[in-house]
There are 6 protein chains.
Amino acid sequence: MSIVDEFNDYRSRMNDKITSSDNKVLKRIFNLDTNAFSEGALDRRTKEMLGLVSSMVLRCDDCIRYHLGKCKEEGLTTAQVYEIFAIANLVGGTIVIPHLRRAVEYWEALGEEDNG
Amino acid sequence: MSIVDEFNDYRSRMNDKITSSDNKVLKRIFNLDTNAFSEGALDRRTKEMLGLVSSMVLRCDDCIRYHLGKCKEEGLTTAQVYEIFAIANLVGGTIVIPHLRRAVEYWEALGEEDNG
Amino acid sequence: MSIVDEFNDYRSRMNDKITSSDNKVLKRIFNLDTNAFSEGALDRRTKEMLGLVSSMVLRCDDCIRYHLGKCKEEGLTTAQVYEIFAIANLVGGTIVIPHLRRAVEYWEALGEEDNG
Amino acid sequence: MSIVDEFNDYRSRMNDKITSSDNKVLKRIFNLDTNAFSEGALDRRTKEMLGLVSSMVLRCDDCIRYHLGKCKEEGLTTAQVYEIFAIANLVGGTIVIPHLRRAVEYWEALGEEDNG
Amino acid sequence: MSIVDEFNDYRSRMNDKITSSDNKVLKRIFNLDTNAFSEGALDRRTKEMLGLVSSMVLRCDDCIRYHLGKCKEEGLTTAQVYEIFAIANLVGGTIVIPHLRRAVEYWEALGEEDNG
Amino acid sequence: MSIVDEFNDYRSRMNDKITSSDNKVLKRIFNLDTNAFSEGALDRRTKEMLGLVSSMVLRCDDCIRYHLGKCKEEGLTTAQVYEIFAIANLVGGTIVIPHLRRAVEYWEALGEEDNG
């Protein structure tokens, strides 16, 4: 299984458990997530870029992977994704570089999926 | 070996190395940890909840695992633990969700230990 | 005007602006905040303590002030609040100490309000 | 002096000191900042939005102020800026709210400058 | 009163309150702080530099001020302090720059004290 | 393959991809990294210690591993490295302990390399 499928499988399986629990606050947080990234005064494409850069400066590998998948769906090019990486690594510092390495690996895996 | 045993084994083994080193400051930090979470003006149960929520907003998987184990020992129910998760994910944001997924998995593994 | 009133005034005034804006996601986040800290499987008093310790390890002075006000309302004693401070400064490190200093000042100001 | 002028004055004065020092690394970091946010595979407007959301999830008031000024120059509407705020407060959590309050105040001050 | 005196006065006054409280954990954290930065396998001068860079990447103005004062006492030159600033701003990112501006201001104020 | 080789291999391979991309900002960040840690008003040995403590308080395992390797090259003793660990765990808090455990494991692996 590719790192893309592995990530998506675990994510879906655990999210199902969480959203099928009795905790209303957690369920609403998940709903809000859908709302915040849907088309509005800003388009979805821009919002996914905002999600990606936020995930990277906050140094969360899984969040980066998720938004890289979405950025791929929105048709971002490699040059565009690298400019987001550059801003994240400048603003967030070189402490972000290990996450950059894993992001580059994942972005390539997403490309291979396309051609798979 | 379960994820619970794996975590506890590595943790004990490395903690032993650290506390048997010559560094007094590190040893005292480990002692302070025991003191801070012992019965006082607040009971142990409350303090373990404080430890869990702190670990989650600071996004440290191993710290979450440790305090989940302690919360289990203190008899917290799944509904109570989920309310702590909810506060952590609201205060700390959706960047905490990947840690929530792993926490849910670990909490379930702790339950299976009980029945093991 | 005391530091307590000054904080509450600014907070209320700006929150009103935000919740009267057209942004649904922000409004729902504010609603969720009320939900997450209301009575449930855990009581309100415990939840406010969770809010306080989270605010402190994340080093947010205004959030600390808000939860100190709530902890006062819930009847926490100074000894109890200091045990929360101790856990926050141990888990979060000495980088939290400047926030501890300001928290101690604010907690005293809350006491003077009582007697005012 | 408005909060906008006060911020810009202090910022310029101190940046001048730093960039006129002998430290090459610091000077190059300042140069890189200009490069990273200039037109490229992504336009300047998008990049300023990326800068704003990064500053907000990392909870840096001065950085937020700086990028709000730039977003104003790029012609972003209040509805658009609030959608960035919403994403930042969802991803970064309610711990971001105090920074949101100050951001709303600064955004309004920028509007008044326009009409001044 | 200079910003140096103002900082030191508030700091001493509040630290006295904290260390004269009944909370043993907090008192021991304060003691540990003295131990960790005293002469050992590494000299005091090196340790104060470690304290300064840690404070800066963690973005705590008061902690930066405290360690700048100590670095001054240890005889560090401006060129040396700027190299620490450079590492902190590279590792921690441009989000550190507002703290750098305030650190430069404080370092200058410390120099004026000398000549005062 | 040892954990040291595994880390270095992945790191080199991915860094090559990043520095051979067309993104100038990322390339310059990598260059700046070399500059910031080279001999200057402070020697390389001191700078590597600054890099290590920064990586530890910011809780980045890969960054810690990288700087531990460099500290080994600079001839730091175990007692000296442990004093850096102690400062990092005091300033950054017990939330750093899981990273300390992995750092101790890596430091030992570096020693075995020597004797390998």
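Protein chains get the first letters and strands the later ones, always in sequence-line order, with residue 1 at the start of each.
- The neighbour count for D/D16 CG, taken as heavy atoms of other residues, nucleotides or ligands under 6.0 Å away, is above 12.
- Contacts of A/A86 with chain D are absent, with no heavy-atom separation under 4.5 Å from either backbone or side chain.
- Judged by distance alone, with hydrogens and angles left aside, the side-chain atoms of A/E83 form a donor-acceptor pair with the main-chain N or O of D/A41 at under 3.5 Å.
- The line from CE of D/M49 to CG of A/L42 is 5.5 Å long, rounded to the nearest 0.5 Å.
- Heavy-atom distances place both the backbone and the side chain of D/D33 under 4.5 Å from chain A.
- Using a 4.5 Å cut-off between heavy atoms, D/L90 contacts chain A through its side chain alone, with no backbone atom that close.
- In this structure, no portion of D/Y82 lies under 4.5 Å from any heavy atom of chain A.
- Each of D/V91, D/L58, D/L50 was evaluated against A/S54; a single residue qualifies, D/V91, per the side chain to side chain contact (heavy atoms under 4.5 Å, CB included) test.
- D/I87 contributes atom CD1, which lies 9.0 Å from atom OG1 of A/T46 (distance to the nearest 0.5 angstrom).
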